[in-house]
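Structure first, then comments.
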Amino acid sequence: MPTIALVGDLFLQQPLPEPSALAGVGPVLRSADIAFGNLEAPVSTVGAPTEKWINMRMSPDLLDDVKRLGFNLLTLANNHLFDYGEAAFFDTLRHLDDSELRYVGAGADLDAAWRAQIIELAGTRVAFLGAASTLGPGSAATADRPGVAPVHIAESYHIDPAASLEQPGSAPYVHTRAWKDDLQRACQAVADARANAEFVIVAMHWGVPPAWRPRFQDGLADYQVEVGHALVEAGADLIVGAHPHSLQEVEVYRGKPIFYSLGNFVFHHNRGPMRETPVSRHSPYTLNIKRRNRNWSETIILLAEVAEGAVHCKLLPALLDDEGNPQLLQGDEARAVIERLAVLSPKAALHYHDGMGYLVQGGVRSENQSRS
């Protein structure tokens with residue numbers, strides 16, 4: 001039975017520790033037929049920082065660590081891929097090609113960015129796609145421009161006059177919708193992949209990190225549900241999300257799992273420009289984010305087993321250590337992560353058993369589920 005290991009954000013700034021220090025996660029990833037994650041930065045030493053709040057990049061030397069950990073497929077669709085411009089973007093593609101690391105979600109033009117990787121696993125063809133709704137300046141691919149596969153989002157703001165009188169200075173409610181033509185293009189890419197494969201897996205870079213959400217609007221942005229449902233209706237069998245740097249809810253829609261955010265997986269402290277760019281110096285935001293808080297550090301390895309016309313999902317809980325490297329959890333700590341995720345997930349049935357979470361296909365949880 002083919003197994004695909006899926007994780008969230010990968011951002012390395014230093015070599016990974018010896019294999020013995022990652023003895024839990026390494027064998028899990030290397031034993032899977034495909035290990036798939038989001039490469040959260042360009043891999044290059046060329047280019048200059050673009051005008052944005054945070055700029056990130058990785059040394060090409062660290063790709064060996066990515067491969068050693070077990071990864072053989074990456075999505076590049078995210079808000080940091082163009083942090084050092086077009087030169088670093090193409091340099092990244094060259095380094096990935098040289099390292100024989102396959103990728104989706106970005107390319108020399110829109111068609112290339114939306115091109116699926118179709119991989120045959122034990123006689124079953126599985127298609128992988130990547131896309132982003134979190135778009136750095138100039139990073140969206142077009143017919144004649146390189147970039148990531150985009151699903152742009154429109155925002156509108158609801159201000160309640162009565163509430164503002166009583167609570168002046170309150171944040172407005174933010175409504176979000178996907179651009180119609182972008183969503184149609186995304187659905188067509190899924191349909192095209194479905195025509196050539198038995199299973200389709202889509203990695204989405206989307207959502208809002210906890211530090212950026214008002215308390216009364218905690219959880220998913222409107223567009224995430226809109227886009228996720230549309231992709232399932234177009235033929236996606238599994239959707240996995242990243243970007244919020246924390247776990248978000250799981251939903252089963254029309255029998256297909258949507259993991260809205262898998263959280264960080266390897267995430268080291270950024271050594272590049274951060275909060276001292278021309279943009280950030282003049283921004284109104286003053287965030288004090290504790291980089292190693294629990295939200296930031298809890299993660300899961302999603303093990304998707306492809307068999308008999310369905311994807312069966314197991315969840316391995318892990319926690320990032322002080323360096324930002326993942327360690328598998330056991331016992332009560334593992335149970336606590338799965339139970340917290342179950343509380344976040346009213347439209348899915350999750351339960352815990354013997355160090356692992358399980359997604360019950362075909363329904364939502366009852367009052368007695370998500371505990372064992």
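Treat the numbers as computed from the prediction; the structure is a model and nothing was measured. For the numbers below, each heavy atom of this structure counts, side chains included, while hydrogens, waters and symmetry mates do not.
Side-chain contact between Val66 and Leu62 is absent, with no heavy atoms from C-beta onward closer than 4.5 Å. Put simply, the side chain of His158 reaches to within 4.5 Å of the side chain of His175, judged on heavy atoms. Residues Leu69 and Val266 form a side-chain contact, since some pair of their non-hydrogen atoms from C-beta on lies under 4.5 Å apart. The shortest side-chain heavy-atom distance between Leu238 and Leu6 falls under the 4.5 Å cut-off.
Closest approach of Thr299 and Asn264 over heavy atoms only: OG1-O, 2.6 Å.
Under a hydrophobic-cluster definition in which Ile, Leu, Val, Met, Phe, Trp and Tyr are linked whenever side-chain heavy atoms come within less than 4.5 Å, directly or via other members, Leu129 and Leu121 are assigned to different clusters. Placement of Leu341 and Leu319 within a single hydrophobic cluster is found when ILVMFWY residues are connected by side-chain heavy-atom separations under 4.5 Å, directly or transitively. Linking Ile, Leu, Val, Met, Phe, Trp and Tyr residues whenever their side-chain heavy atoms come within less than 4.5 Å places Trp212 and Met56 in a single cluster.
Under a cut-off of 6.0 angstrom, the local environment of CG in Asp332 is sparse, with at most 12 non-hydrogen atoms contributed by other residues, nucleotides or ligands. Within a 6.0 Å sphere centred on CZ of Arg177, heavy atoms belonging to other residues, nucleotides or ligands number 12 at most.
At a cut-off of 3.5 Å, with distance as the only test, a side-chain donor of Tyr260 or Glu251 sits close to an acceptor on the other residue.
Both the sub-6.0 Å distance and the 45° axial angle are satisfied by Arg57 relative to the ring of Tyr84.
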Taking only distance into account, with no hydrogens and no angle test, what donor-acceptor pairs under 3.5 Å do side-chain atoms of residues 143-155 form with protein atoms, sequence neighbours excluded?
{"unit_1": "Asp144", "atom_1": "OD1", "unit_2": "Thr142", "atom_2": "OG1", "d": "3.1"}
{"unit_1": "Arg145", "atom_1": "NE", "unit_2": "Ala140", "atom_2": "O", "d": "3.1"}
{"unit_1": "Arg145", "atom_1": "NH2", "unit_2": "Ala140", "atom_2": "O", "d": "2.7"}
{"unit_1": "His152", "atom_1": "ND1", "unit_2": "Asp182", "atom_2": "OD2", "d": "2.7"}
{"unit_1": "Glu155", "atom_1": "OE1", "unit_2": "Tyr157", "atom_2": "OH", "d": "2.4"}

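When atom types are taken as modelled, the side chain of Lys67 and the backbone of Ser99 share a donor-acceptor pair closer than 3.5 angstrom. Counting only distance, with no hydrogens or angles, the side chain of Trp206 and the backbone of Gly228 share no donor-acceptor pair below 3.5 Å.
Between Arg94 and Asp98 there is a salt bridge, with a side-chain nitrogen of the basic residue lying less than 4.0 Å from a carboxylate oxygen of the acidic one. Salt-bridge check for Asp354 with Arg335: failed, with every basic side-chain N at 4.0 Å or more from each acidic carboxylate O.
With sequence neighbours left out, the side chain to side chain donor-acceptor pair (under 3.5 Å) criterion links Asn38 to Asp9, Glu40, Asn78. Every residue two or more places apart in sequence or in another chain was checked for a salt bridge (Lys or Arg N to Asp or Glu O under 4.0 Å) with Asp109, and none qualifies. Partners of Glu198 according to the side chain to side chain donor-acceptor pair (under 3.5 Å) rule, which considers only residues two or more places apart in sequence or in another chain, are Arg125. Every residue meeting the salt bridge (Lys or Arg N to Asp or Glu O under 4.0 Å) condition with Arg254, not counting sequence neighbours, appears here in chain and number order: Glu233. Every residue meeting the salt bridge (Lys or Arg N to Asp or Glu O under 4.0 Å) condition with Glu298, not counting sequence neighbours, appears here in chain and number order: Arg294, Arg340.
Between Ser133 atom OG and Trp179 atom CH2 the span is 11.0 Å, to the nearest 0.5 Å.
Under the ring-ring contact (aromatic ring centres under 6.0 Å, His included) test applied with Phe267, the options His243, His245, His80 reduce to a single match, His245. Checking each of Asp91, Asp83, Thr92 against Ser44 for a side chain to side chain donor-acceptor pair (under 3.5 Å) leaves exactly one that passes, namely Asp91.
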